[in-house]
Amino acid sequence: MLQLNYIRQHVDLVKERLTVKHFADIAAVDRIVSLDEQVRRLKVETETLQAELNAVSKEIGMLMGQGKKEEAEQRRAVVSEGKSKIQRSTEQLGSLEKQLYDEVIQLPNIPHVSVPVGKTPEDNVNIREVGAKPDLHANAVPHWELIKKYDLVNFETGVKLAGSGFPVFKGRGAKLQRALVQYFLDYNTAAGYTEYMPPLVVNETTAYGTGQLPDKEGQMYHIGVDGLYLIPTAEVPVTNIYRDEIVKENELPVKMTAYTPCFRREAGSFGSDVRGLNRVHQFDKVEVIQLSHPEKSYEVLEEMVAHVEQLLQSLNLPYRILRLCGGDMSFTSALTYDFEVYSAAQKKWLEVSSVSNFETFQSNRMKIRYKDAAGKTQLVHSLNGSSLALPRILASLLENNQTETGINLPAVLHPYFGAASI
RNA sequence: GGAGACUUGUCCGAGUGGUUGAAGGAGCACGCCUGGAAAGUGUGUAUAGGGGAAACUCUAUCAAGGGUUCGAAUCCCUUAGUCUCCGCCA
């Protein structure tokens, strides 16, 4: 959520930046500014009135203490009169504030100056492409064939148990998942991230905190009877760990990592995008999250990009890094880098990580703050990235490393998997 | 799931209708003391929002929400959470 006083002070800039994000309702900014003015005016009125009544009530207390009952009675009448007045203006204030909040929460985050103008994924800027695309043998097949051949993942059984998009990992397929999770977590904790295992369901407040609500309501599985949501990413519970907390400045940056399954309804997806492991409703992911000093957050973003990049290099996967254009960025992000790995048999780039700086957009909602040297509380910047999402990593590992006789795994996985190949 | 007790500031903890935003302690910060530290000592130490150039000031907040009252941390209702006992259970 954008900060009101920022909007107030940068009306034109906010409008201009929101067009970069292709936000449709620019007029909302003017409505917000006008509502904000009304709210503040009415607030002064209401609070002045309240202060008067409070003062009289206090007097009554003193008079009662001194046994001056009659004088107290007189004043009691005065307060009774003011009460109906204040009730009206309090109600009006409440409704105005609600309107204001409802408008502000609909505004997406403002994109960073470096965000490319553009609307579709084609407008994303390719920052760099690293690693050679492998030359596969003549009989190479996509991963959905490989997982059948080596009996690693069973989609049909998943359909029986839950529905399409819920793969069942089996045997060496299951073990490889576990190996990847373990390797990623070890890699992250070695870089100073503290490991967490959060709940896989969250309440409404938590989902609001990171911005999934109200923006992505339809993308999350909702457990109606208990008012809970299945997490679409570890970002949601883990960032909320620090909700309503004030950390010491020297405790920044806070670095956290977590492995969780992620649940996404992916309503509206179809075609080759959802083939095999390319897009599923439940998948495993290891996430890294940082809460940073506002002045350092873009350094931190670069650091996180380098962190994910080295992880991909260790897996010997060809990858490219994209800076997302305004139209392709998420609601909450100020700057996002996407990582895509090349999956050689289906000849497709697959997104495996998204590293973003949210600046104060999330921390303003969650009230994650630190005390600066002057003793003032300030909002932190929050950032997160995947390191990494498993199914697409698995897909490209299988496709890129297939030979006529088996699949060779990168060296870093051997100790975790207990073998060099499948 | 049933019954009961409880929920106060960073923490511990007092407070059952009237200058209580809240005693007392601990912690923390700064100063004094010290060669340095500890101890001692003095002062300060919530958050959000509004007004004001500033000093400062106002409003709200004692789990959350609602109610009673001129006035609520204190009384009533609802919800959530914690603990104890019972039940169920990996």
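- For U59(B), the OP1/OP2 oxygens have no side-chain nitrogen or oxygen of R40(A) closer than 4.0 Å.
- Nucleotides A26(B) and G66(B), compared at atom C1', are 36 Å apart to the nearest Å.
- Among the heavy atoms of the strands lying under 4.0 Å from T377(A) are primed sugar atoms or P, OP1, OP2 only; no base atom is included.
- Taking the C1' atom of each, C32(B) and A37(B) are spaced 15 Å apart, rounded to whole Å.
- Aromatic rings of F331(A) and F361(A) (six-membered ring for Trp) have centroids within the 6.0 Å cut-off, being under it.
- Summarising the geometry, the separation between CZ on R76(A) and P on U68(B) is reported as 16 Å, rounded to the nearest angstrom.
- One N or O donor and one acceptor, one from the side chain of E47(A) and one from the base of G49(B), sit under 3.5 Å apart.
- Distance noted for atom P between G15(B) and C75(B): 13 Å (whole Å).
- Rounded to a whole Å, the CG atom of L93(A) is 14 Å from the C1' atom of A48(B).
- If you take CG of L379(A) and C1' of U47(B), they are 13 Å apart, rounded to a whole angstrom.
- For A51(A), taking side-chain heavy atoms from C-beta onward, the closest of the listed nucleotides C70(B), C58(B), U19(B) is C58(B).
- Following rounding to the nearest Å, I86(A) (CD1) and C58(B) (C1') show an atom-to-atom distance of 12 Å.
- Both A55(A) and I60(A) lie close to RNA chain B; mapped to their nearest nucleotides by heavy-atom distance, the more 5′-ward contact belongs to A55(A).
- The aromatic rings of H281(A) and Y221(A) sit perpendicular to each other, their planes meeting at more than 60°, with 30° as the lower class boundary.
- Comparing A39(B) with U34(B), their C1' atoms sit 11 Å apart, to the nearest whole Å.
- If you check the side chains of Q219(A) and Q212(A), you find no donor sitting under 3.5 Å from an acceptor.
- For G36(B), there is no paired base (Watson-Crick or G-U wobble, both distances below 3.5 Å).
- Searching all strands for a Watson-Crick or G-U wobble partner of U7(B) with both distances below 3.5 Å returns A80(B).
- The C1' atoms of U7(B) and C11(B) are separated by 15 Å, rounded to the nearest whole Å.
- Salt bridge annotation for E91(A)-R88(A): absent, with no cationic side-chain nitrogen under 4.0 angstrom from a carboxylate oxygen.
- Between Y183(A) and Y187(A), the angle of the ring planes lies from 30° to 60°, which puts this pair in the tilted group.
- Salt bridge annotation for K255(A)-E303(A): present, with a cationic side-chain nitrogen under 4.0 angstrom from a carboxylate oxygen.
- Separating the P atom of U20(B) from that of C70(B) is a span of 22 Å, rounded to the nearest Å.
- Of the two residues near RNA chain B, T48(A) and L53(A), the one whose nearest nucleotide lies more 5' is T48(A).
- Applying the Watson-Crick and G-U wobble criteria (two distances, each under 3.5 Å), G31(B) pairs with U41(B).
- With both pairing distances under 3.5 Å, U59(B) is matched to A48(B) as a Watson-Crick or G-U wobble pair.
- Taking a pair to require two hydrogen-bonding distances under 3.5 Å in either a Watson-Crick or a G-U wobble arrangement, A73(B) remains unpaired.
- When the P atom is used for both A64(B) and A38(B), the distance is 38 Å, rounded to whole Å.
- Ring geometry, H293(A) versus Y370(A): the interplanar angle falls from 30° to 60°, so the pair is classed tilted.
- Side-chain N/O atoms of N54(A) include none lying less than 4.0 angstrom from OP1 or OP2 on U19(B).
- At whole-Å resolution of the value, OH in Y370(A) and P in U47(B) are 14 Å apart.
- Taking every side-chain heavy atom of V44(A) into account, G51(B) is the closest of U19(B), G51(B), U47(B).
- The pairing partner recorded for C88(B) is none, the criterion being a Watson-Crick or G-U wobble arrangement whose two distances lie under 3.5 angstrom.
- One atom, CD of Q87(A), and another, P of G66(B), lie 13 Å apart when rounded to the nearest Å.
- Distance check on atom P: A22(B) versus U57(B) gives 13 Å, rounded to whole Å.
- With rounding to whole Å, E245(A) atom CD is found 13 Å from G9(B) atom P.
- Closest contact between the side chain of K83(A) and the listed nucleotides G50(B), U69(B), U19(B) involves U69(B).
- Between the P atom of G49(B) and the CG atom of L42(A) lies a distance of 18 Å, rounded to the nearest Å.
- In this structure, U20(B) makes no Watson-Crick or G-U wobble pair, since no nucleotide meets both defining distances under 3.5 angstrom.
- Using a 4.0 Å heavy-atom cutoff across all strands shown, R369(A) reaches sugar-phosphate atoms only and no base atom.
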